[in-house]
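Here is the structure we will look at, set down as C-alpha cells.
What you are looking at is a predicted structure, and each value in this text was computed from that prediction instead of being measured.
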Amino acid sequence: MTGTDVQKEAEDSGPSGYAAARLRLLTEEARSGPPRRAALAELTDDWLTGLFTAGSEELRGVSLVAVGGYGRGELSPRSDLDLLLLHDGSDPKAVAALADRLWYPVWDLGLALDHSVRTPAEARKTSGEDLKVQLGLLDARHLAGDLGLTAGLRTAVLADWRNQAPKRLPELQELCAERAERQGELQYLLEPDLKEARGGLRDATALRAVAASWLADAPREGLADARRRLLDVRDALHLATGRATDRLALQEQDQVAAELGLLDADTLLRQVYEAARLISYASDVTWREVGRVLRSRAVRPRLRAMLGGGKPTAERSPLAEGVVEQDGEVVLARAARPERDPVLPLRAAAAAAQAGLPLSLHAVRRMAATVRPLPTPWPAEAREQLVTLLGSGRPTIEVWEALEAEGLITRLLPDWERVRCRPQRNAVHIWTVDRHLIETAVRASEFTRRVSRPDLLLVAALLHDIGKGWPGDHSVAGEIIAKDVAARIGFDRHDVTVVATLVRHHLLLVETATRRDLEDPATVRSVAEAVGSQGTLELLHALTEADALATGPAAWSSWRGSLVADLVERVSAVLAGDVPDDPEDAAPTAEQERLAIEAVATGSPVLSLRAQTEPPAGQEPSGDPEPLGVELLIAVPEQPGVLPAVAGVLAMHRLTVRTAELRSLTLPDGVDGTVLLLDWRVAAEYGSLPQAARLRADLVRALDGSLDIAGRLAERDAAYPRRRGVVAPPPRVSVHPAASRLATVIEVRSQDAPGLLFRIGRALEDASVQMRSAHVSTLGANAVDAFYVTGPEGAPLPGDEAESVARKLEETLRG
C-alpha cells in the first residue's frame, strides 16, 4: 500500500481509519527513519485537518497549530501530539466546541496529547513567562484554519525571541545545565535517556533555538545526522517496547539494535554515543560563542565611548609558538602555518590545557584541514607536548574532546579508533573506554610528584586499556599496541619496555592484593618477577590507583589502597634483596595469644573488634573519611565447621567481609590444645557494628548447631521482593596451582549476595578441605574471592582432587 493509499484509508474511515492507517505505516518494513516520521506527521496532519473542518461551517479567526516536536514533523511511534488551538477571541463558545471535537477523538485513540487554547496575545504572554512554551512555539507549524493568524503568531514569537535573546539564552543554558546534572551525559550512560540526557534530543532542539535567535549558531557539520540517528533509535525503542519511553534500558537494547538492522547492542550504543558526543561538543562551542557575544555586547558601548567611536581591537596574548589567547579561547597566531608545522596541534592543545582555556573551533578545524602528519618516530617536541597535555589535569578533557571532534586524535594515534565511544558493560565502569583512558591520565597527573618518570606514567595511563578494542585479554593485546605506540612517539627501547610492562600488568597489584594471600612468599615473588624493578613498581603503584579512581567509586577505597600499599612494600623488599618470612614462622601478636589462651581456658570462641583508621606505614593518608575497616579477631578451639559458622553469623548481622585469614596457632609451653585463629576485616553493610558480645553469643550457637543460619538467611531473602534486572552470568570456580607452594588456590567469581561466603565455606567443609586463608573482593555486583586450601595433612591438594573440589563448589553455587 502506498502513502497515498494510507492517507485515503484514513480519510475514508474517520478515526478508526486513521488508527488502521497509522498501524499499517508503523509496521511497514520498507519505510523507517525520516521518511516514516514525515509520513506519520502528514497522515496525522490530514486526520486532524479533517476533524477541524468536519461537522460545521468554517470558523473565522481560528487555526490549528502543531508545536514542539510535532511542529518539526518529528513524530515517533509513541510521540505526544503538541497542539495549539489559536483564536482571535471573537467566539469563545464556538472555539470550545471545536476543541472538544478535536481533543476527544485523539484521547479515544489512546494518543498522548499536549494541548492549549489561546489567543495570539495569550500565547505571547505565556511564552514570555514560560521558556518551554516559547521554545515550543519557535517550531509552530500551521495545520488548518486561518493561515494569517498562525503566520502572525509565528512572526511575533520569533521577533520576541530575538529581542529577548540576551535574557532568554542564559536561562536556556541554565535549563540545559540543570537537566544534564539530573540525567547525566548520554555519551557515557549504559541506560541513557535519549531525550533528556546531555547530548540528547533536547540539547539538539536547544541548538535550533540558539540559531533562531541570530545571536550565535552551532557547528552544523554532522549535527543533522546526529539528531536523525537519535530519532531513529527512539523510533525503534517505541516500536520494541510499545511504550512512549526515551530511556534505552539494557533489556531492550538487543531488540532495538535488531529493529535498526545493527549487529548487536554494543554497535547500537556506540552509534548513540557518537551522536551524543557530536551534539555535546556542538553545545559547548555554541554556548561559549553565546557567552562571548553577550560579553562583547555589554562591553562594546563603554569601549566605543573611551575610543571615541572607533572599533576596538581584540587582545591577543601569546601562549606558545603559533598559539595565542583571544576572547577567552586559544586560537592560532596570524603567522602560524599548520601546513608546515606538524607539531602545532599538540603544541596548541598543550598550551590550551596548561592555560585552562578551550581550543577555538576555527583553530581546530583549520589544523585538521591543513596539518601534515608527524614523522615516525615523532620528534622530541611532539612527545613532550603530548606529555604536557596529558599532565595538565582536568582541562585536558575538554581540549582532547575538541581534537577528537575533528578527527585529529585518530590521526595522531590510529589505534584510538577501536576504543572511541566503546561502551563498557560493567557496572563498576562509569565511562566509555576512551573517556576512561583520559580520566586515568587526569588522575595520574595528580601523582607525577610520586614517581621519577612522570612521562612514562602519563603515557601508560593513556594506553593501559587500549587493548579493549581487540579480541582476547585486553592486557595482552594492549601490551603489543603499547609497544608500537611508545616506539612511534619516540621513546627509546628501555622506555618502550617499561610502558609495555605497565600496560600488561596494570591490574596485577589490585588483583593480587585483594585476591591472594600476601603472607605467602610465592605471591610476593610472582609480582616481583613480573614487575622487574623498583622504578617500574613505583610507576605501577601510581597507575593502579589512577586507573581505579578513574573507573568509578566502587573500584577504589581506603581499604583497597591499604592492601595495594602493603603488597608494594613487600614486593619492594624482595626487589631490594630481602627474603619474605614463611607465614608458618610468624609469631602471634600479644592480642592474638591472649585470645587463644582464653579460648582454650573457656572451651568456646572469644573475639575482639577493633576499628582501623590509620593507613599502613609508608602509605600517605588519602583524605577519605571512610575507615579502612574493622578488624575482627576470633579464637576458637579447633573443630569442624568454623569458617561457615563465622561467615554465616557475619552475614546474619549484615557485615561485609573484606579479608579473612585462618590459621592454627601454636600455644605457649604449658598450654594444651589447638586453637584456630581467624583474622577478619569487616564493615557494616548498614548502620553501625553489632556488639561483640552479641556476635559471640550467635557464634557459640552456630558452632553447637542450635542456630539455623541457612534458614535465617533464607527467611531474610524471602522477605524482600525480587527486582527485575539483568540476569547475572553463572558463577565460575577455577584452580590456580602456581599461585602458592603452601596451598591450593581456588578462585570463585560470582554475583555478590548476602551469605555467599557462608555457602562457600559450607561447601568447602563438605569437601573435607582445610582453609588457610580467604581473600574477598567485591567490584560492584561481582564477587571475586580466593581461598587457600589444603588437605587434612596440611599439604596442597593433588591436581585431580583440586579440580574435583572446584567443580563441586561451582555446582553448589549454581544451584
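- Scanning for salt bridge (charged side-chain N to carboxylate O under 4.0 Å, His left out) contacts around R234 gives D246, with sequence neighbours left out.
- A distance-only check finds no donor-acceptor pair linking the side chain of Y188 to the backbone of R435 [under 3.5 Å].
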* To do: Please report the C-alpha distance between W416 and W400 in whole Å, then the side-chain angles of each, then the deciding distance to 0.1 Å, and finally whether the ring pair (Phe, Tyr, Trp, His ring centres under 6.0 Å) criterion is met.
  => CA-CA 12 Å; W416 195 260; W400 189 274; 5.3 Å; yes

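- Pairs engaging residues 204-214 under the salt bridge (Lys or Arg N to Asp or Glu O under 4.0 Å) rule: D139-R208 [sequence neighbours left out].
- Listed by first and then second residue, the salt bridge (Lys or Arg N to Asp or Glu O under 4.0 Å) pairs that reach into residues 81-98 come to none, sequence neighbours excluded.
- Residues R425 and Q253 have side chains that bring a donor and an acceptor to within less than 3.5 angstrom of each other.
- Using a 3.5 Å distance cut-off with no hydrogens or angles, the side chains of D235 and S76 do pair a donor with an acceptor.
- Legend: salt bridge (Lys or Arg N to Asp or Glu O under 4.0 Å) pairs involving residues 267-286, not counting sequence neighbours, sorted by first then second residue: R198-D284, R229-E274, E274-R420, R277-E404, R277-D434.
- Residues forming a ring pair (Phe, Tyr, Trp, His ring centres under 6.0 Å) with H362 (at least two apart in sequence, or on another chain): none.
- With sequence neighbours left out, the side chain to side chain contact (heavy atoms under 4.5 Å, CB included) criterion links P170 to L294.
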* To do: Any chance you could lay out the side-chain contact (heavy atoms from CB on, under 4.5 Å) test for R243 and E252, step after step, and finish with the verdict?
  => CA-CA 12 Å; R243 302 192 313 274; E252 270 108 36; 4.2 Å; yes

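- In the model, T44 has no side-chain atom that pairs as donor or acceptor with a side-chain atom of Y70 under 3.5 Å.
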